Number of protein chains: 2
Amino acid sequence: MGVNMKKESNSTARRGRRPGPNSTRRAVLEAARASFAKHGFVGTTIRLVAAEAEVDVAQVMQFFRSKDALFAAVMAIPESALERFNSLYEGPDEHLGERVVRAFLTAWEGVIEESEPLMATLRGAFVNDQARNQLSDFIQSRLLAGTNENHCSDARLRTGLASSMLVGVVVGRRVIGVPTIVAADHEELIRILAPAIQQILVQ
Amino acid sequence: MGVNMKKESNSTARRGRRPGPNSTRRAVLEAARASFAKHGFVGTTIRLVAAEAEVDVAQVMQFFRSKDALFAAVMAIPESALERFNSLYEGPDEHLGERVVRAFLTAWEGVIEESEPLMATLRGAFVNDQARNQLSDFIQSRLLAGTNENHCSDARLRTGLASSMLVGVVVGRRVIGVPTIVAADHEELIRILAPAIQQILVQ
DNA sequence: GGAATATATCAACACGCGTTGATTTAATTA
DNA sequence: TAATTAAATCAACGCGTGTTGATATATTCC
C-alpha cells in the first residue's frame, strides 16, 4: 500500500526508455513562442506550429496537453525580464523615469527569448483570461516590487498608470505599427518619455 | 448604348417595394457594434449577433456582405468623436494636457454610440488590418488635426506618443482590467495624467 | 389584380480547427 | 534477448464557423 510501486522492483528508478535530449519539445516551444508573439492566441494554430517545428500535429498535443497549456508554457514571463525591474529604485531619484523607460524598452524589444513571451502575453490578453491576469499583475506590481516603502493607494495608481502608458507605447510600436513611433530609436524615445514617466512616478 | 434604361419607362425611379423603415438593419448594426466592442473581431460570431438582434443568420449576410464588411460598418469612427479633438489647441497652452486627457476619456468612455466603435477598433487592431490602419491614423494624426503650425518630425513623434500612452491607459482600464486603474475616476486620472501629457506635448 | 422588388426563413455546404485513438519505431534497462 | 517505456506517425472525429442557395412572405408601383 502507500505509494504506487509497480512490480517488486527494489529500485525506485523507472525502467524503459529515458527521456531523450528533448530537442523536439524545445523546437515546438520555440515555434509556438514565435507564433503566439506574432499572430496572437487565436491567430496561432497548432497545425502551423507543428509544421514550423517540423513535427507531427499529434506530437504537440502529446508534449503539451492542450493549446491553452502550450500557451501557458510560452507566456511564462522569463526571470531575466522580471529581474530587470527589481533594482530600479536603486540610484538617484531624478533619473528614475529614465531607468524605468529603459527597462521597459529592453524587456519588450531586447533579445527574442525575453520579448517574445511578453508579446505573446500582450496579444493574448485580448482573448485569454490567463494572459489578461498575468499582464494585469505585471502592470500593477512590477514597478512596486523594487521599492519597500509603504504603498499608499496613490502610489499604486501612479505606478500602474506609468506601466500602462509604456505598454501603450509598445502597442503603438509593435502591434499597431504607427509609422512615426516605429521609426524612432530608443534614445529618442527615452528623451521624450523619461521626463513624463518621472513626473508620474515621483509626482 | 448609353445608360441602362429598362423598358420604355420615362421614369428613372425603380418599381417594386421601396426599402422599409430598415429597423432590422439598425438592430443588427447595434448588436454587432456591442459584440465587436466587447468580444473583439474573432470573438464575435455572426450567429450570435443575429441571435442578439433576433434576426436570421442569413439576414446579416444579406444586409452586410461579409463579416469584414459588417466590422467595417461598425468601426467607422463617429464624427462626434473626431470633432472632440478639433478644437483642442484653442485655449491656454498651460492646460493643453488636461484638455487632451479629457477628450480621450470622454471619447473612449462616454456614451456607447461613440465609445463602442472605438473599442471595436481597438480590439480589432490586434487581428484586422483595416482596424489596425484606422487606429494607426487616429493615433498618428488626431492630435495634429487641431494645430496649423508646421509639423516638425519631433512634434509628430510627440503627439503620436501621447496618443499611444493614453490608448495604453484605456487598454489597462477596459481590456486588461487592472484593478487599481479601473477603480480610479476621471478626475483622479486627469490629475495624474494631465501634467505628463502636457510635458510630452509642449516639451 | 399582377408584376416587381425588398424582406425574411430554412437547410445545407465546405472548411479549418482542437483533439483523440491506434499503431509503429526507437531507445534504455533488467 | 526480452521487457518496458518514450517518441513519432497516421487517420479520423466532432464541432463551430462564414457563407450560399432555394424558397416563402410581405410591400409597393403599374
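Just so we're on the same page: letters track the sequence lines, and every chain starts at 1. These numbers were taken from a predicted model, which means no experiment stands behind them. Just so it is clear, the values below take in all heavy atoms, side chains as well, and ignore hydrogens, waters and symmetry mates.
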> Can you measure A:Glu54 atom CD to D:dA8 atom P for me and round it to whole angstrom units?
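Atom-to-atom, A:Glu54 to D:dA8, this comes out as 13 Å.
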> Reckon B:Thr24 has a side-chain N or O less than 4.0 Å from the OP1 or OP2 of C:dA8?
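B:Thr24 to C:dA8 OP1/OP2: side-chain N or O found under 4.0 Å.
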> For a 4.5 angstrom cut-off between non-hydrogen side-chain atoms, does B:Leu105 reach B:Val101?
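Touching, per the 4.5 Å side-chain cut-off.
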> Hey, can you tell me if A:Phe85 and A:Phe104 have their rings parallel, tilted or perpendicular (30° and 60° cut-offs)?
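The arrangement is perpendicular - the two ring planes meet at more than 60°.
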> Go through C:dT19, D:dT9, D:dT20 for me and flag the one nearest to the A:Ile46 side chain.
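The answer is C:dT19, which lies nearest to the side chain.
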> Rounded to the Å, how far apart are B:Leu48 CG and D:dT19 P?
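Roughly 16 Å, once rounded to whole Å.
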> Rounded to the nearest angstrom, tell me the gap between atom CZ in B:Phe64 and atom P in D:dT20.
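Atom CZ in B:Phe64 sits about 16 Å away from atom P in D:dT20.
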> Measure distances between side-chain N and O atoms of A:Arg47 and base N and O atoms of C:dG18, and say whether any donor-acceptor pair falls under 3.5 Å.
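Yes, the side chain and the base share a sub-3.5 Å donor-acceptor pair.
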> Counting only side-chain heavy atoms from C-beta out, which of C:dG18, C:dC10, D:dA7 sits nearest to A:Phe63?
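In terms of side-chain proximity for A:Phe63, the closest of C:dG18, C:dC10, D:dA7 is D:dA7.
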> Write down the distance between CG (A:Asp56) and C1' (C:dT25), rounded to a whole number of angstrom.
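In whole Å, C:dT25 C1' lies 14 Å from A:Asp56 CG.
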> Please classify the nucleic acid contact of A:Val57 as base, sugar-phosphate, or nothing, using heavy-atom distances under 4.0 Å.
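Answer is base: heavy atoms of A:Val57 come under 4.0 Å of a base.
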> Identify, between A:Arg65 and A:Thr45, the residue whose nearest nucleotide on DNA chain C lies closer to the 5' end.
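Checking each residue's closest nucleotide, the 5'-ward one belongs to A:Thr45.
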> Go through C:dA8, C:dT19, D:dT9 for me and flag the one nearest to the A:Lys67 side chain.
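It is C:dT19.
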> Quick one, B:Arg174 and B:Ser115 - any side-chain contact, counting heavy atoms below 4.5 Å?
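Result yes, sub-4.5 Å side-chain heavy-atom pair found.
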> Report the distance from atom CE of A:Met61 to atom C1' of C:dT20, rounded to the nearest whole Å.
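Roughly 8 Å, once rounded to whole Å.
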> Given atom CD of B:Gln62 and atom C1' of C:dT5, what is their separation to the nearest angstrom?
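For the pair B:Gln62 CD and C:dT5 C1', the rounded distance is 11 Å.
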> When you measure from the side chain of A:Arg33 to the backbone N and O of A:Val28, does any donor-acceptor pair fall under 3.5 Å?
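No; zero donor-acceptor contacts below 3.5 Å.
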